[in-house]
Protein chains: 2
Amino acid sequence: MTVSKTADKTAEKSSEKPADTAKGRKDAAEAQGAAEALQLGELSEQLGYVLKRAQLKVFENFLRCMASLQLTPAQFSVLLLVEKNPGRNQTEIASTLGILRPNFVALLDNLESRDLCARIRSTNDRRSHILVLTDKGKAVLTRAKKLVATKHEARLNDLLGQANREALIEMLSKIANEF
Amino acid sequence: MTVSKTADKTAEKSSEKPADTAKGRKDAAEAQGAAEALQLGELSEQLGYVLKRAQLKVFENFLRCMASLQLTPAQFSVLLLVEKNPGRNQTEIASTLGILRPNFVALLDNLESRDLCARIRSTNDRRSHILVLTDKGKAVLTRAKKLVATKHEARLNDLLGQANREALIEMLSKIANEF
DNA sequence: TATTGTTATACTCTATAACTATA
DNA sequence: TATAGTTATAGAGTATAACAATA
């Protein structure tokens, strides 16, 4: 455990943080000695509420599965997108992921400092940086995909079943794209 | 529009913020002149990715629907939980929602300053504050529920259908509770 | 003049430590 | 000694403005 959820600053600090992000919430829920659980009531039917709680759980599980590679969901998504779209610049990769250009700089600094991807000055337009995966980046991404498939997705399949998992992702995509 | 996503500081500032949280992301995706969309590839099958994007969309829609009442998802969840569980203290309400006690103080200060809920010193244990909704709080919550039902949930039903919406919430609850 | 990458900065959310008043 | 509410504070995430280099 002890996954650094952060890890985007230019100078990485792989210090043993006191806890995964999960800890705080868990503490919050377990602090007092279980004095009769509260009634959630309509809250358990609120889409936003269950969506947010589910998202937190999924990200926590992702971080645990990726602990050996030290990849956050955001970093993994960048690597996936750069692999699938080599030759694109920072603006294109960032905006596709909903990351603002200023915030993408530190994230890329981190990946580049770990030799997972590289900025290449474009010859066509010398303002832009083309992004590519390094050999190490490709290797790490391959291992990351395997971890996601065997640990992360497998867990979800156990919980929901293959068919439900696909239906879930389809509905979430629809919400993300059309809501 | 111009919903202040924040609104938790003790002294509320209902200044016209430059933009809803959504704007930044939208700008990020539309900034450059649509130079051939990128391939999402495996990203569109990643649970965490679609979950996060869907959650952001749902929260944005929630804020728009609640603009007239100026209630955030977190504030709405507190009002719902206090209504359903009157006589509970701050620690119990906060921990059930996964909010840490220190962070719950400003949130409550805001609701109390708007006369939506009240802290009452417990007679049994003078350390704790019992939480209750004020009459105004009950009235606002009633209106909020109607807005959620007629605008927010209705939108989701249009998009997915009633049956799918229920299946979605059930799956998300399962993930939130068992993943 | 407009755009790319960048810096600086601010605000929100989340997290921990430590104080106070009560128990 | 332990707990409830609180304060102070720090770290990530996310947002905007503005600058240098380039177009």
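Chain naming here is simple, since letters A, B, ... match the order of the sequence lines and numbering starts at 1 in each. Because only heavy atoms are used, hydrogens play no part in the values below, and waters and symmetry mates are left out as well, while side chains stay in.
Comparing C:dT4, D:dA15, C:dA15 by their nearest atom to the side chain of A:T91 picks out C:dT4. Of all nucleotides listed (D:dT7, C:dT14, D:dA4), D:dT7 comes nearest to the side chain of B:V105. In this structure, of D:dG5, C:dT14, C:dG5, it is C:dT14 that holds the atom nearest to the side chain of B:N103.
Between the CD1 atom of A:I93 and the C1' atom of C:dT4 there is a distance of 14 Å, given to the nearest Å. For the pair B:Q55 CD and D:dG13 C1', the computed distance is 12 Å after rounding to whole Å. Atom-to-atom, CD of A:Q90 to P of C:dT7 comes out at 10 Å; the value is rounded to the nearest Å. In this structure, CG of B:D109 is placed 9 Å from C1' of D:dT6, rounded to the nearest angstrom. Here the P atom of nucleotide D:dG5 and the CD1 atom of B:I130 are 8 Å apart, to the nearest Å. Note: CG (B:L56) to C1' (C:dT12) measures 14 Å, nearest angstrom. Rounding to whole angstrom units, CD of residue A:E60 and P of C:dT14 are separated by 12 Å. Between the CG atom of A:L100 and the P atom of D:dA18 there is a distance of 17 Å, rounded to whole Å.
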**Request:** Before giving the answer on salt bridge (charged side-chain N to carboxylate O under 4.0 Å, His left out), spell out for B:K145 and B:E83 the whole-Å C-alpha distance, their side-chain angles and the decisive distance to 0.1 Å.
**Result:** CA-CA 12 Å; B:K145 285 181 187 175; B:E83 179 196 47; 2.8 Å; yes
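Residues A:N157 and A:Q162 have side chains that bring a donor and an acceptor to within less than 3.5 angstrom of each other.
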**Complete:** The contact string for nucleotides 18-23 of chain C, one letter per nucleotide 5' to 3', using protein heavy atoms under 4.0 Å with B, S and - for base, sugar-phosphate only and none, comes out as ---BBS
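The shortest distance between the side-chain N/O atoms of B:R119 and the OP1/OP2 oxygens of D:dT6 is below 4.0 Å. Within the structure, a side-chain polar atom (N or O) of B:K52 is placed less than 4.0 Å from OP1 or OP2 of D:dT14.
A salt bridge between A:R119 and A:D109 is present, with a side-chain N of the basic residue lying under 4.0 Å from a carboxylate O of the acidic one. No salt bridge links B:K57 with A:E178; every basic N to acidic carboxylate O contact stays at or beyond 4.0 Å.
At least one donor-acceptor pair under 3.5 Å links the side chain of A:T142 to the backbone N or O of A:K138.
A perpendicular orientation is assigned to the rings of A:F62 and A:H152, their planes being inclined by more than 60° (bins at 30° and 60°).
Considering only residues two or more places apart in sequence or on other chains, B:R155 meets the salt bridge (Lys or Arg N to Asp or Glu O under 4.0 Å) condition with none of them.
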